[in-house]
Number of protein chains: 2
Amino acid sequence: MAANSRLTIAAHALAWLELARRRGRTTLTSDEVAASVNTNAVIVRRSLTDLHRAGLVTARRGNGAGFALGRPAAEITLLDVWLAVSPEPLLALHRTEPNLECPVGRGIRPVLTDLYDEATQAFQASLARTSVADILERMPT
Amino acid sequence: MAANSRLTIAAHALAWLELARRRGRTTLTSDEVAASVNTNAVIVRRSLTDLHRAGLVTARRGNGAGFALGRPAAEITLLDVWLAVSPEPLLALHRTEPNLECPVGRGIRPVLTDLYDEATQAFQASLARTSVADILERMPT
DNA sequence: CCAGAAGCAACAGCTTTTGTTACGACTGAG
DNA sequence: CTCAGTCGTAACAAAAGCTGTTGCTTCTGG
């Protein structure tokens, strides 16, 4: 699969929003974010619309409008962002139902489901340890 | 992305190989594995070829040949399997280079790389806790 | 009213995954 | 040695997802 870069784009946008805020600009347009991420403004709006649905940013339309952080950057974790933009699970079960006449075909799915959940939770717990503010602190200014 | 199910197919094949071994059959053909997984034999051979390259199974060609476990099922972890069949990273950086004139564009990539590595390692550590033998033990017999 | 910006649908190009067919390479049985 | 059975692998098609693009609609402050 084309590994998706939505978390990267969303995290980049949020970091840029926070840096702009510290410099006195509370809102940025999708064009301004797209210029930093180096992609199309529609791609940015798609990501930021996801974040908007999750309450991580606010969006105002109209002349002079744009996007702003929905809450302090220290209170937005990478997990929040990942959950907002990543609809797909990390690991998928069989695409077609396995053969139920085989003991493995009958029994393996609930086991793998549990194991995949555990691995996904470990992954998520790691993402939850870092906030957007932390990302800015780790960047050279 | 179509989330890939290679880990599922490979784990299923290994569990089936181990169960067959306990019943006295040390090798299975790709057709027999495919019948349990309910997919095409070529798909199974592709997965098992990956596992073969990683040393997790042995493959013998010729009349009466097939695949067998390369080492005890208790010594094959899901992480071994994942590493053998999953070429793609869990999280991708920007597809195109961000704008280097922006401080975020310049600085965010090494930070995200580190954070993604940490999350991936947490994920891998979770997979490493379970072996193929554990999977069989968690299945109803 | 209107200019500017978000919201959104539709489409194309690309990549990945899965599935299928076909065929070559190898090997044990006879 | 022959041959049937099996792995190994290439080529191809269908389906799905991601990115990027265009164009239009909706909203809102001036």
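Proteins come first, then strands; the chains are lettered A, B, ... in the order of their sequence lines, and each starts at number 1.
- Pairs engaging residues 67-116 of chain A under the ring pair (Phe, Tyr, Trp, His ring centres under 6.0 Å) rule: A:W82-A:F123, A:H94-B:H12 [sequence neighbours left out].
- Residues satisfying the side-chain hydrogen bond (donor to acceptor under 3.5 Å, both in side chains) test with A:H52, not counting sequence neighbours, are none.
- Residues satisfying the salt bridge (Lys or Arg N to Asp or Glu O under 4.0 Å) test with B:R109, not counting sequence neighbours, are B:E97.
- At whole-Å resolution of the value, CG in B:N4 and C1' in D:dA16 are 13 Å apart.
- For B:R45, the side-chain hydrogen bond (donor to acceptor under 3.5 Å, both in side chains) partners at least two apart in sequence or on another chain are B:S30.
- Every residue two or more places apart in sequence or in another chain that forms a side-chain hydrogen bond (donor to acceptor under 3.5 Å, both in side chains) with A:R53 is listed here: A:D50.
- Residues of residues 29-39 of chain B that place a heavy atom closer than 4.0 Å to DNA chain D, in numerical order, are B:T29, B:S30.
- Taking atom CG on B:L28 and atom P on D:dT6, their separation rounds to 12 Å, with Å as the unit.
- Between A:E88 atom CD and D:dT19 atom P the separation is 12 Å, expressed in whole Å.
- Interface residues of residues 40-53 of chain B facing DNA chain D, ordered by number: B:V42, B:R45, B:R46, B:T49, B:H52, B:R53; criterion, heavy-atom separation under 4.0 Å.
- Annotation: side-chain contact (heavy atoms from CB on, under 4.5 Å) contacts of B:E75 (sequence neighbours excluded): B:R71, B:P72.
- A search for side-chain contact (heavy atoms from CB on, under 4.5 Å) contacts involving B:D134 returns B:T130, B:S131, B:E137, not counting sequence neighbours.
- The separation between B:I9 atom CD1 and C:dT17 atom C1' is 10 Å, rounded to whole Å.
- The salt bridge (Lys or Arg N to Asp or Glu O under 4.0 Å) search around B:R22 returns B:E18, not counting sequence neighbours.
- Proximity of residues 59-72 of chain A to DNA chain D (heavy atom under 4.0 angstrom from any strand atom) is restricted to A:R61, A:G62, A:N63.
- Qualifying side-chain hydrogen bond (donor to acceptor under 3.5 Å, both in side chains) partners for B:T49, counting only residues two or more places apart in sequence or in other chains: none.
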